[in-house]
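All heavy atoms count here, side chains included; hydrogens, waters and symmetry mates do not. The sequence lines fix the lettering, A, B, ..., with proteins before strands; numbering per chain opens at 1.
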Amino acid sequence: MTSLWDHYTVTNAYDEMRCSSNLARPSSSRLSHYLNSLDGKALEARKSAAEMAILEMGITFTVYSDEGNIDRAWPFDIIPRIIEYKEWLHVENGLKQRLKALNCFIDDMYNEQTFLKEGLIPAEIITSSRNFIEECVGMHPKHGVWANICGTDLIRDTDGTFYVLEDNLRVPSGVSYMIENRVITKRVFPELLQDLNVLPVDGYPAHLLEMLVSIAPEDKSRPRIAVLTPGIYNSAYFEHAFLAQQMGAELVEGADLVVKSDDCVYMRTINGLEKVDVIYRRIDDQFLDPEVFRKDSLLGAKGLIRAWKAGNLALANAPGAGVADDKVVYSYVPDMIRYYLNEEPIIPNVETYLCSNPDHLDYVLKHLAELVVKPANESGGYGMLVGPHASFAEIMKFHKIIQENPRNYIAQPTLALSTCPTLCDNKLEPRHIDLRPFILQGDSSFVTAGGLTRVALQRGSLVVNSSQGGGSKDTWIINTET
Amino acid sequence: MLSRSAERLYWLARYLERTENSARLLSVYMNLMFDLPLGVEMSWRYLLNICGAEEAFFHLYQEPNEQNTMSFLLTETANPGSLFSSLQFARENIRTSRDQMPDEAWQLVNEMYLYAKNNSALVSQRRGRVLFLQEIMQGCQRFTGFLSGAMSHDHALRFIRLGRSIERADMTTRILDIGSLLLADNRSEIMREYESSLWINVLKSLSAFLMYRKHRRHRINSDDVLDYLLKDKDFPRAVVHCIKELQRYIYLLPNAGGLKESLIKLELFLLDVNIKKTTPTQLHELLDYIQAHLGDTHNQIAAAWFLPKYGT
């Protein structure tokens, strides 16, 4: 009898579902078996159903292009990615640990700077960071937490170990898609979810709300909370609206806010002005307040920083939190965990070469063809070099630009990235994936059950960003022991 | 509630009501055209006139035949007054108001939009057009029905209803304007012959046929139909009813200023009109006056809630 898996080849990368071409991992055996009961055609039919649901639900993201901004349907692969519950608990603890240490570090950088003084990180890494914000010096946000919301990118190497690739501490996005992916899976594979013990993911907005309440300036039981969006043309507008709706918070744009001379923030309502206590801002620091940052910004509101510094407003994430969202600072996170928490890191970092370090730079320049080079400060997969996939001309270009500004570049070995079966033209084929869980920290910590799995839809590609042709998968944390 | 959110909900409701009304008007007009003998002064061009779209039409098309008129009024994206454009504006407003409403509300509008977008080819034939219009009318009703079962009677719903009532009142006056043609002194013999059939269709375009029969118990004649559709307090699409609805919601909103008085004035004025003594020209002027007053009402609504000026 022919099987859907007959032509599935496990490459040298770790495959999330198969130990080998003809053997499923224990946590995936039921899914593997079930998929095999469907043929390629039936799978394609489910895929069409998923695409229809995405259109009807209006799950979109915006792509910036020369022809203007286009709303695209969210790219989704119907085959879920599975992680064993026990393994996930370990990862979850590692993520909480990491964010705690990062927040200690940020608070330290804007205050005593002991980590610097003890020589654990070269001072110029901080002073030269464009994410270090003078205005924040001396501030202590509630609970000592600056980055309340973090999206950490994880990958698995060939041996199956999870590594942290980067921490997104500024305005990480994707969580709404994680939730919507499950809604679609429920429509497409209702029979399957019924039989398996998959952890739900839709509790996130409630936890987000709880966290935002916990950072309100006064101990109000019902502080007024707003999600600040750059507006409908932002690529993540869908998510901003989604989260505001799910939390019952106001979705505001800069023009809806006004900071009065009493240093309090108000929003313009049909009743007149109403005070706002907490803002979950989805605008970068630079655009947040034209009084302090970019004068030409129309996205933020004049005086927000004034209100924040006066203690009348909580901002999540706090301005300046991005100082730890830097691929150079990243390489010091294991040391932060040891220093601030006196613990060993639970999830390892990917080995990182800092081009600002002359020895490292020398190695990087000699091994460009094997390495992945990233700018220290960009997100969304822009401005990267993937050595093994790059042309000679691209390598030469990076050879030059790295030396012009070494502080701005880091390099990492090209990791295989694990693969997961993905539906490609009626067939299942391995495609590379990563994982972005979301971590919240206020008066307590919370990690999503799984996260957003992103998949590189091109054969062999390692670029998973949706802005660069990547897709996504539902992520199942399965408890096989009950 | 944010001023901006209030404004978007208000426009969402106006555009959806406009979508539904366009579908009603076009579908009734089509029925009428199929009933009437060839050669009467009712024409596809006259439909453009009712919609206030003649000028825009001739920018894009030359011949005001059935095909062109219908695609211009139904699916033409270059016509901001087309049914599809209204639906598109409605969708844009609800897309940016998703924090105000249950998810299904957005999905209902989005599904309707996708339907219209993917089936625009249907409208080139009469049969397809009938199906298309039916689907749109049902879609709008699904939306209204869903809201009435799923939304609290809070300010958000009040702004939706304000938008709906003002748009409805406006549309009814436009449909009644057909009357000024139907009643023109120089109308043809054939027009006179088909007169009651025409008024029946006017009633039907506002879903008012049965209610009229029930409540007026009269044979169908111009004076009674006009009186009913202008002055009835209970029929949802009668102008006075819409004005009373506006008053009701405005009463529940803060900072309404002089809006209430102005709407009461309009209501009393309308109730005082004696249709039997009104000439077709006077009728046309009366309808124009109501439309202008509704325009003012809109401006007052915007000034009170959408464009608040606060010092810092």
Asks: Checking an interface table here. Which of residues 72-92 of chain B come within a heavy-atom distance under 4.5 Å of chain A?
Replies: B/E92
Asks: What I want to check is whether the side chains of A/T229 and A/N234 have a donor and an acceptor closer together than 3.5 Å.
Replies: no
Asks: Judged by modelled atom types alone, do B/S165 and B/E245 share a side-chain donor-acceptor pair under 3.5 Å?
Replies: no
Asks: Going by the rule side chain to side chain contact (heavy atoms under 4.5 Å, CB included), which residues pair with B/A156 if we only count those two or more places apart in sequence or in a different chain?
Replies: B/M1, B/L9, B/Q100, B/M151, B/D154
Asks: Does OH in B/Y251 sit with more than 12 non-hydrogen atoms of other residues, nucleotides or ligands closer than 6.0 Å?
Replies: no
Asks: How close do A/R282 and A/S173 get, counting heavy atoms only, and between which atoms?
Replies: NH2-CB, 3.0 Å
Asks: Could you verify whether a donor N or O on one side chain and an acceptor N or O on the other, from B/Q291 and B/D170, lie under 3.5 Å apart?
Replies: no
Asks: For residues A/F438 and A/V175, report the shortest heavy-atom separation together with the two atoms involved.
Replies: CZ-N, 3.3 Å
Asks: Can you check whether A/A241's main-chain N or O pairs, donor with acceptor, with B/D99's side chain at less than 3.5 Å?
Replies: no
Asks: Against chain A, label B/L108 side chain, backbone, both or neither, depending on which of its atoms sit under 4.5 Å from a heavy atom there.
Replies: neither
Asks: Taking side chain as everything from C-beta outward and backbone as N, CA, C, O, which of these in A/F242 sits under 4.5 Å from a heavy atom of chain B? Side chain, backbone, both or neither.
Replies: neither
Asks: Output all residues satisfying salt bridge (charged side-chain N to carboxylate O under 4.0 Å, His left out) with B/E267, sequence neighbours left out; order by chain, then residue number.
Replies: B/K244
Asks: Given heavy-atom pairs under 4.5 angstrom as the criterion, report whether the side chain, backbone, both or neither of A/Y237 touches chain B.
Replies: side chain
Asks: Please output the residues of residues 113-135 of chain B in contact with chain A, using a heavy-atom cutoff of under 4.5 Å, in numerical order.
Replies: B/L114
Asks: Quick check on A/V252 against chain B: is it the side chain, the backbone, both or neither that has a heavy atom closer than 4.5 Å?
Replies: both
Asks: Would you confirm whether B/R14, through its side chain, and B/I166, through its main-chain N or O, come within 3.5 Å as a donor-acceptor pair?
Replies: no
Asks: Side chains of B/N21 and B/R237: do they bring a donor and an acceptor to under 3.5 Å?
Replies: yes
Asks: Against chain B, label A/L55 side chain, backbone, both or neither, depending on which of its atoms sit under 4.5 Å from a heavy atom there.
Replies: both
Asks: Rounded at 0.5 Å granularity, tell me how far CG in A/N271 sits from CH2 in B/W305.
Replies: 10.5 Å
